[in-house]
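As the structure lists them, so they are numbered: ligands from 1, and atoms in each ligand from 1.
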Amino acid sequence: MELEQHVNDYGAESIKVLEGLEAVRKRPGMYIGDTSERGLHHLVYEVVDNAVDEAMAGYCNEIQITIHMDESITVQDNGRGIPTDPHPYNGRPTSEVVLTVLHAGGKFGEGAYKVSGGLHGVGVSVVNALSEWLVVTIARDGIAKSQRFERGIPVTDLSEGVKVDWQGTRIDYMPDREIFEEVRHSLDTLKSRFKELAFLNPGLKISVLDERTNDSREYFFKGGIGAFVKYIDRDRNALFDSPVVLSGTKGDIAIDVGFEYNDSYQEHMYTYANLIHTIEGGTHLMGLRSAITRAVNEAARNGKILRDKEENLTGDDLKEGLTCVLSVKLGEPQFEGQTKTKLGNSEVRGAVDSFVYDGLMSIFEDRPEIVRPIAEKAIRARRAREAAKKARELVRKGAMSGMSLPGKLADCSSKKAENTELYIVEGDSAGGSAKQGRDRKFQAILPLRGKILNVEKAAMDKMLSNREIQTIITALGCGIGNEFDASKLRYHKIIIMTDADVDGAHIATLLLTFFYRHMPELLSLGYLYLAQPPLYRVQYGKTVNYCYTDKELREHVDNAADPSKVNVQRYKGLGEMNPEQLWETTMDPANRILKKVELDDNLLADEYFDILMGDKVEPRRQFIIANAQYVKNLDV
Ligand code: 28F
């Protein structure tokens, strides 16, 4: 038998190899996290990371990934090719050892070779063990040799060489369907990682071909980290021409940082250690913040932008409008934290701090014109924060001092939040119809006049001083931000009702953004809804129907015995409906359609890469509107 033959031939080491592979197959989660789609993609990353390592070593500038029809994967690079000479471990080709021995990369004195490892750095032998089959092809000096494995076990020897016109390493593998719940690769997920890798490795071309759909992409960024910053900020206005970029080493640590300030109020911070996205931050981020804070304070004082009697700007003041990418590479990264994405190495903090501080001070000398916009923005941020604190206190006092509810609110008579609903209605006239049409027992109406403020663009203090926003906060009674208290909430359904046109959608988006930023609990509790007014009123003889989509309208017209006698009225706004119609079509729980607003966990976190990488910039895309409630009248 094949297997026994190996054991006999190569003795104790072979037994160890088999035990290792068995351990991986028994507990795949220990090595790749899980056996869902995530684990499946982990295999791809693991193989690609090895090619990226070869690129970082300076020997490879192209990586090609192919997803085949049968979900098998090919990764090919143009590097030196994995060595094939006999390995001291067991006399087998080094390539076979790399593919069969757990952690072979690190164990054999090649610790410094591998940099991109870390989270993914479990070694390609894990991919091999979890593959139904895997074929490695190594081309060196115009000669290619290959070897086939099944579930990690070599089933052929490394072949004799054949002439080829390429050089490098190619790995073909089929994820094992005995291990993975489902074998279906997501091109979008893979693309984001490849794009990220291309940004972090300037000059490296990563291309991906999806043979299932014939979709292909190429990622190549000469500009590196500066281009990355520009990409993140592509829909924002920078406060100065080109991003600040610092690249170099401090001791054994390679540091690349790029940042700019823009006219928004959010921070977009992306930190990496050995190409792993450190979502939880860590010592590299602490060093960076400290350096930026020190350097800006010093330069702002030298330039008399910050006066002597004024206090130093804080790290928080300097966050608003900052878009930054920080990438460090080090020999033995320690990953900590809940998701193992927090860099723990203490030596990194000081290294990044002094490297960035020195670099910044000299850049501020060369480009003195960028100090003022940065410092002035931070000074404004500090003022806004102080004002916001006062505003929050006012809101809190207001909420506690016996509930003086806004005059515009037509409250309901029931006080049981579980049963009550608040309709936030665009415009006074629709508000009037809603007040007349509602069931006043459990439905409260709050009309909003005109446009509300864009909370994404506005600073906190300005947002809180906006009348419409204040009215909403008071009507809900639950406070905002840290002071949010769900038990004080006065309604368990908050329904946004706007016109079914562009303006209406815009107002709804602004409201959703406000709730997402300042009362995210409303979304996680599932209390937020969008009303769905009908688009058409269709009359045929004495029968009146309401249509909520164009498709529904077409069906109604087509089904009529004499389509030319169908009278169709298109609603341009809520205001065109009388109170009875509004009740019947949009507010009556027996007939209405409500769309529940939910958060997509994947897209939720600002730090999650897909928002940026998946060509999705605006915050509104963080919501999914689920068709959760579609209650048709069953009795009629
Ligand atoms: C398709 C994925 O895995 N590319 C790789 C190399 C190159 C070397 C190497 C890899 C030897 C003992 C670790 C070549 N020449 N693409 C890849 N390209 N591994 S993986 O060496 C592995 C070390 O243990 C390589 C000289 N030094 C290194």
Side-chain angles (χ1 to χ4, degrees), residues 13 17 20 32 41-68 72-118 120-131 133-149 152 158 161 164 166-175 185 190 193-194 197-198 201 204-209 219 274-275 331-332:
E13 284 81 8
V17 166
I32 55 162
H41 291 130
H42 214 118
L43 301 187
V44 184
Y45 301 150
E46 188 56 49
V47 179
V48 171
D49 276 1
N50 287 310
V52 171
D53 273 318
E54 183 68 355
M56 286 197 301
Y59 298 99
C60 152
N61 61 8
E62 230 183 302
I63 304 173
Q64 286 172 351
I65 299 101
T66 310
I67 311 169
H68 300 284
S72 67
I73 297 285
T74 300
V75 181
Q76 180 169 343
D77 69 39
N78 65 347
R80 290 168 295 179
I82 308 176
T84 53
D85 48 321
H87 197 282
Y89 178 65
N90 55 4
R92 301 294 297 164
T94 298
S95 52
E96 184 184 306
V97 174
V98 166
L99 278 151
T100 52
V101 179
L102 281 184
H103 301 296
K107 258 191 196 158
F108 298 96
E110 294 280 349
Y113 174 77
K114 209 171 164 53
V115 175
S116 75
H120 312 136
V122 289
V124 71
S125 61
V126 168
V127 178
N128 196 13
L130 301 177
S131 292
W133 53 262
L134 181 147
V135 176
V136 64
T137 309
I138 294 148
R140 294 162 78 111
D141 307 319
I143 303 283
K145 301 175 177 178
S146 57
Q147 185 175 21
R148 183 179 165 97
F149 304 81
L158 192 64
V164 287
W166 59 281
Q167 166 193 301
T169 306
R170 169 179 169 144
I171 288 179
D172 293 86
Y173 71 93
M174 174 66 86
H185 295 91
L190 294 175
R193 176 62 180 160
F194 299 153
L197 283 171
N201 295 282
L204 173 63
K205 184 163 103 185
I206 305 181
S207 39
V208 54
L209 167 65
Y219 301 106
N274 290 19
L275 307 185
E332 283 181 36

Any N or O of Q76 closer than 3.5 Å to N or O of ligand 1: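 Looking only at distances, the answer is no, because the N/O contact criterion of under 3.5 Å is not met.
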
So if I count the atoms of ligand 1 from 1 in the order they appear, which ones are less than 4.0 Å from some heavy atom of [X]?
X: V47; answer: 1 (C), 2 (C)
X: V75; answer: 1 (C)
X: E54; answer: 6 (C), 7 (C), 8 (C), 18 (N)

Side chain E54, main chain R80, donor-acceptor under 3.5 Å: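 Confirmed, E54 side chain pairs with R80 backbone.
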
S95 side chain to I82 backbone, donor-acceptor under 3.5 Å: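 Looks like no, no N/O pair under 3.5 Å.
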
G79 near ligand 1 by a heavy-atom separation under 4.0 Å: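 Judged by the 4.0 Å heavy-atom criterion, G79 does not count as contacting ligand 1.
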
Heavy-atom gap G81 to ligand 1 smaller than 4.0 Å: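 The answer is yes: ligand 1 sits under 4.0 Å from a heavy atom of G81.
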
Partners meeting side-chain hydrogen bond (donor to acceptor under 3.5 Å, both in side chains) with Q147 (sequence neighbours left out):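 In terms of side-chain hydrogen bond (donor to acceptor under 3.5 Å, both in side chains), with neighbours along the sequence ignored, Q147 is linked to E96.
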
Residue pairs fulfilling salt bridge (charged side-chain N to carboxylate O under 4.0 Å, His left out) with at least one residue in residues 138-149, sequence neighbours excluded: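 Non-adjacent pairs meeting salt bridge (charged side-chain N to carboxylate O under 4.0 Å, His left out): R148-E150.
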
Enclosure of Y59 OH (heavy-atom neighbours >12, cutoff 6.0 Å):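 No, because the 6.0 Å sphere around OH of Y59 holds 12 heavy atoms or fewer from other groups.
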
Ring geometry between Y89 and H87 (parallel below 30°, tilted from 30 to 60°, perpendicular above 60°):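 Judged by the thresholds at 30° and 60°, the geometry between H87 and Y89 is perpendicular.
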
Ligand 1-proximal atoms of D77, by part, heavy-atom distance under 4.0 Å: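 It is the side chain that touches ligand 1; the backbone stays farther off.
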
